[in-house]
Protein chains: 2
Amino acid sequence: MNQEYSGGGDPAKSLELLWGLQARPTRGPKPALTVERIVDAATRIADAEGLAAMSMRRVADELGVGAMTLYRYVPGKGELLDVMLDSAYAELPLREVTGDWRKKLDEVARENRELYLRHPWMLYVATSRPPLGPGVMAKYEWELAAVEGIGLTDVEMDAAVALVNGYVHGAVRSAIDAKQVIQSSGITDKEWWEAHEPLLEKIGDAQKFPIASRVGTTVGQEFEAAYDSEHGFEFGLARVLDGIAALLADR
Amino acid sequence: MNQEYSGGGDPAKSLELLWGLQARPTRGPKPALTVERIVDAATRIADAEGLAAMSMRRVADELGVGAMTLYRYVPGKGELLDVMLDSAYAELPLREVTGDWRKKLDEVARENRELYLRHPWMLYVATSRPPLGPGVMAKYEWELAAVEGIGLTDVEMDAAVALVNGYVHGAVRSAIDAKQVIQSSGITDKEWWEAHEPLLEKIGDAQKFPIASRVGTTVGQEFEAAYDSEHGFEFGLARVLDGIAALLADR
DNA sequence: CCTCACTGAGTACGCTGTACGAGGTAACCG
DNA sequence: CGGTTACCTCGTACAGCGTACTCAGTGAGG
């Protein structure tokens with residue numbers, strides 16, 4: 001059972017950390033750590049072993065210090081996650097894309113997807129109103145720029161970007177969850193459906209749920225054939241972009 | 001900081017529970033509990049106090065038994081969550097809707113939305129390949145029926161339903177997260193932006209992130225005016241359905 | 001009526017985040 | 001230069017978690 005966390009740090013404290021607003025005191029011994037080193041270590045652990053493995057003690061071990069030492073640099077685990085998230089978003093290349101809005105939004109979706117695949121733990125941290133760190137701000141600006149000046153209101157621009165981001169988030173999460181289920185259980189989707197066909201038949205599956213059993217079987221087989229998540233992602237993204245295009249065409 | 005859980009129960013064991021496949025032994029004392037009573041109690045707690053409050057001890061207290069007693073009925077917390085999820089999905093009315101696919105999918109989205117609003121904890125349980133209990137199967141069948149016979153392949157039908165479901169999931173989760181942030185911090189979005197304007201200005205916000213600061217301010221104000229999540233939901237749903245419509249029009 | 005499968009639950013283990021406080025270190029001030 | 005004082009490190013402790021183990025009590029089948 002995977003534990004998941006929402007950042008949930010005190011927003012004000014997170015902000016101070018994110019923008020490096022703490023006055024470096026002169027008295028006393030030099031700090032052995034920096035917030036950055038802590039964030040890097042924590043991210044390394046979360047990348048390799050998942051969010052559940054990223055405990056304060058584990059991070060401290062990784063850095064060769066006591067667990068409580070971390071609390072000199074970070075108010076708590078929630079704030080640490082906030083900073084981790086912002087740092088990860090700062091990895092986005094934010095390339096300037098030439099072309100129309102659709103090409104730009106496509107790029108936005110793809111870059112976000114790759115970021116999530118690189119840092120799967122991000123998908124399990126609640127990100128509603130994320131702390132406005134430099135990484136998140138830059139990302140938001142970049143994404144809005146894709147739909148700037150195409151005839152949307154400000155609110156619609158925000159909604160369009162949120163729609164694309166939300167889609168990518170959900171799609172990648174589904175793909176990763178599915179992969180993890182396969183890895184942890186050693187059972188592919190196809191095998192799953194086949195193994196439970198007798199059970200479902202006994203229940204009266206085919207009669208009660210004719211469409212579901214037909215579609216489920218087909219989907220299981222297609223996914224087996226490595227047709228897989230790549231195509232599923234493309235399908236959904238195309239629909240989302242088509243939806244935005246339809247809105248623009250109405251104008 | 002909220003903990004969250006993925007169902008993650010042993011799929012085989014969850015299935016047995018879901019379909020009630022356990023052979024009721026005759027020897028020994030009558031069981032004092034049923035899986036159903038446990039699921040109901042757990043759901044009640046999760047509804048009222050959130051997923052984090054739903055610990056095994058808490059559920060046991062609610063039922064007036066020892067914590068370990070629950071393990072006589074349920075293999076573990078993961079499987080319990082699986083069953084809770086399936087039971088909750090079984091609450092969907094699954095009304096037969098007359099009309100075209102769009103009207104039907106719209107109904108699917110709305111019913112799912114209300115279910116999530118009634119049981120917010122569902123949004124924080126990972127649901128990829130949820131255990132195929134009776135509730136989930138019936139829901140899947142109902143949703144697929146909305147897009148049956150309109151010219152989509154089986155894989156596309158699954159993808160379309162997943163797209164709508166994913167959208168609703170993300171949208172409702174965002175709305176609930178936002179509401180919780182406001183409740184727990186007592187700060188509205190507008191106040192948030194206003195309170196941090198000096199900070200962001202000092203950073204060089206307006207110069208570095210012109211679009212973001214403009215759109216962010218506007219969105220904050222609109223949301224303040226209770227324009228709010230309802231309209232945001234409608235906008236996104238309309239785009240998603242438009243996207244599917246565009247696909248059908250191409251044929 | 002005896003037997004024994006089954007139920008209930010107390011105790012305990014290892015894990016979590018983090019509050020508290022003791023003890024060491026280094027820069028400032030007189 | 002010596003004392004003060006702010007700061008850093010981290011051992012200990014606490015409440016809470018999921019759950020493995022174990023043992024006593026129960027009640028129906030033979």
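By convention in this document, chain letters (A, B, ...) are assigned in the order of the sequence lines, proteins followed by strands, and residues within each chain are numbered from 1.
- Each of B/A67 and A/P29 was matched to the nucleotide of DNA chain D holding its nearest heavy atom; the match closer to the 5' end belongs to A/P29.
- Backbone-only contact: A/S55 has heavy atoms under 4.0 Å from sugar-phosphate atoms and none from a base.
- Atom CE of B/M54 is separated from atom P of D/dG18 by 7 Å (rounded to the nearest Å).
- Backbone-only engagement by A/A32 is indicated by non-hydrogen atom pairs under 4.0 Å involving sugar-phosphate atoms exclusively.
- Residue B/K77 places no side-chain N or O under 4.0 Å from the OP1 or OP2 atom of D/dC17.
- In this structure, B/I38 places its CD1 atom 12 Å from C1' of C/dT7, rounding to the nearest Å.
- One finds no salt bridge joining B/E114 and B/R110 here, because no Lys/Arg side-chain nitrogen approaches an Asp/Glu carboxylate oxygen to under 4.0 Å.
- Between the side chain of B/R57 and the base of D/dT19 there is at least one donor-acceptor pair of N/O atoms closer than 3.5 Å.
- As rounded to whole Å, 8 Å separates atom C1' of D/dG18 from atom CE of B/M56.
- Less than 6.0 angstrom separates the ring centroid of A/F233 from the ring centroid of A/Y167.
- Counting to the nearest Å, the P atom of D/dT19 and the CD atom of B/E79 are 8 Å from each other.
- Atom-to-atom, CG of B/L33 to P of C/dT7 comes out at 11 Å; the value is rounded to the nearest Å.
- Looking at B/D86, its side chain does come within 3.5 Å of a backbone N or O of B/V136 through a donor-acceptor pair.
- Considering only side-chain N and O atoms, B/Y73 lies under 4.0 angstrom from the phosphate OP1 or OP2 of C/dG8.
- As a whole-Å value, the separation of A/L51 CG from C/dT16 P is 13 Å.
- You'll find the side chain of A/V108 stays beyond 4.5 Å of the side chain of A/V168, heavy atoms only.
- The residues B/D61 and B/R57 are annotated as not salt-bridged, no charged nitrogen and carboxylate oxygen being separated by less than 4.0 angstrom.
- The distance from atom CG of A/D61 to atom P of D/dT9 is 16 Å, rounded to the nearest whole Å.
- The separation between A/R27 atom CZ and C/dC29 atom P is 7 Å, rounded to whole Å.
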